[in-house]
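Below, chains carry the letters A, B, ... as their sequence lines are ordered, and counting in each starts from 1.
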Amino acid sequence: MNIFRLLGDLSHLLAVIILLLKIWKTRSCAGISGRSQILFAAVYTARYLDLVTSYISAYNTVMKIVFLVASYGTLYLMFLKFKATYDHNHDTFRIEFLVLPCVILALLINHDFSALEILWTFSIYLESVAILPQLFMVSKTGEAESITSHYLFALGTYRGLYLFNWIYRYYAEDHYDLIAIIAGIVQTVLYCDFFYLYITKVLKGKKLQLPA
Amino acid sequence: RTGCEGHDEL
């Protein structure tokens with residue numbers, strides 16, 4: 001565990017908490033892509049199946065459970081409890097265009113052709129693009145609430161910090177995982193445009209509004 | 001050490 005990994009995980013945790021609190025406090029999931037949230041639930045489920053097969057540390061186990069519970073909790077709030085506030089007219093990204101290529105890629109490029117390993121690989125590929133329906137929704141409506149922007153910033157920062165963690169581990173521990181690294185780079189790059197808008201607008205107290 | 005020898009990250 002190094003500082004980049006810890007900050008990355010905390011940023012990830014913060015993102016998940018911001019999202020749950022936003023929905024809970026405002027009693028609304030307006031502006032949030034249910035499709036992205038479905039993809040994230042699939043990501044955590046596929047990746048954290050190893051909860052039952054391998055023990056790393058209490059920290060890992062607790063965090064995995066938190067992400068799983070938070071993710072299904074978010075789905076519950078969006079699709080059941082506050083279903084009426086779900087903005088499905090603007091949430092139209094076709095997720096099969098993301099899921100199917102990730103399945104095929106996981107079957108072709110993986111470390112080991114075993115069920116758990118392929119599911120892990122699939123989750124890494126899917127996570128890298130899972131935010132696209134949300135970004136598509138923001139671009140479609142042309143704006144995002146500040147709280148949604150904070151959520152996206154924390155979520156984007158998390159994998160960015162993991163990139164520094166992987167650079168550190170390469171030198172300090174001689175450890176690297178090309179699948180995670182390349183997917184992590186893709187994931188972080190997808191947020192770049194949003195990061196720019198966040199820093200130039202939201203941090204100056206303005207609403208995130210895309211140029212017309 | 002690369003890849004598959006136990007994924008110890010989240």
Side-chain angles (χ1 to χ4, degrees), chain A residues 1-2 4-6 8-13 16 43-44 46-51 53-57 59-68 109-114 116-121 123-124 127 158-159 161-163 165-166 169-170 172-181 184, chain B:
Chain A
M1 174 70 82
N2 57 67
F4 304 112
R5 160 89 197 276
L6 181 65
D9 286 347
L10 290 179
S11 181
H12 192 185
L13 192 62
V16 165
V43 165
Y44 299 129
R47 190 173 313 166
Y48 298 157
L49 283 173
D50 68 357
L51 263 176
T53 60
S54 67
Y55 176 82
I56 309 286
S57 66
Y59 172 85
N60 265 46
T61 302
V62 170
M63 291 294 255
K64 284 173 179 176
I65 293 170
V66 168
F67 286 129
L68 277 169
I109 305 174
N110 53 58
H111 293 305
D112 179 34
F113 203 82
S114 68
L116 265 186
E117 189 59 25
I118 287 168
L119 281 167
W120 178 87
T121 313
S123 84
I124 292 288
E127 182 187 348
Y158 135 69
R159 218 54 176 173
L161 285 163
Y162 258 72
L163 294 180
N165 156 53
W166 291 324
R169 291 191 72 179
Y170 177 75
E173 302 167 23
D174 208 23
H175 167 94
Y176 69 99
D177 183 333
L178 272 181
I179 288 178
I181 291 170
Chain B
R1 206 159 70 83
T2 63
C4 198
E5 294 158 43
H7 302 294
D8 59 356
E9 292 174 343
L10 296 168

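How far CZ of A:Arg5 is from CG of B:Leu10: 4.5 Å, rounded to the nearest 0.5 Å. Note: B:Asp8 CG to A:Glu173 CD = 7.5 Å, rounded to the nearest 0.5 Å.
By the 6.0 Å contact criterion, OH on A:Tyr170 is open, its count of non-hydrogen atoms from other residues, nucleotides or ligands being 12 or less.
Side-chain contact between B:Glu9 and A:Asp9: absent, with no pair of heavy atoms (C-beta onward) separated by less than 4.5 Å. Side-chain contact check for A:Asp177 versus B:His7: some heavy-atom pair is nearer than 4.5 Å.
If you measure heavy-atom distances from A:Tyr158 to chain B, the contacts under 4.5 Å come from the side chain alone. Residue A:Tyr44 does not touch chain B at all, counting heavy-atom pairs closer than 4.5 Å. Proximity to chain B is limited to the side chain of A:Asn165, based on heavy atoms less than 4.5 angstrom apart.
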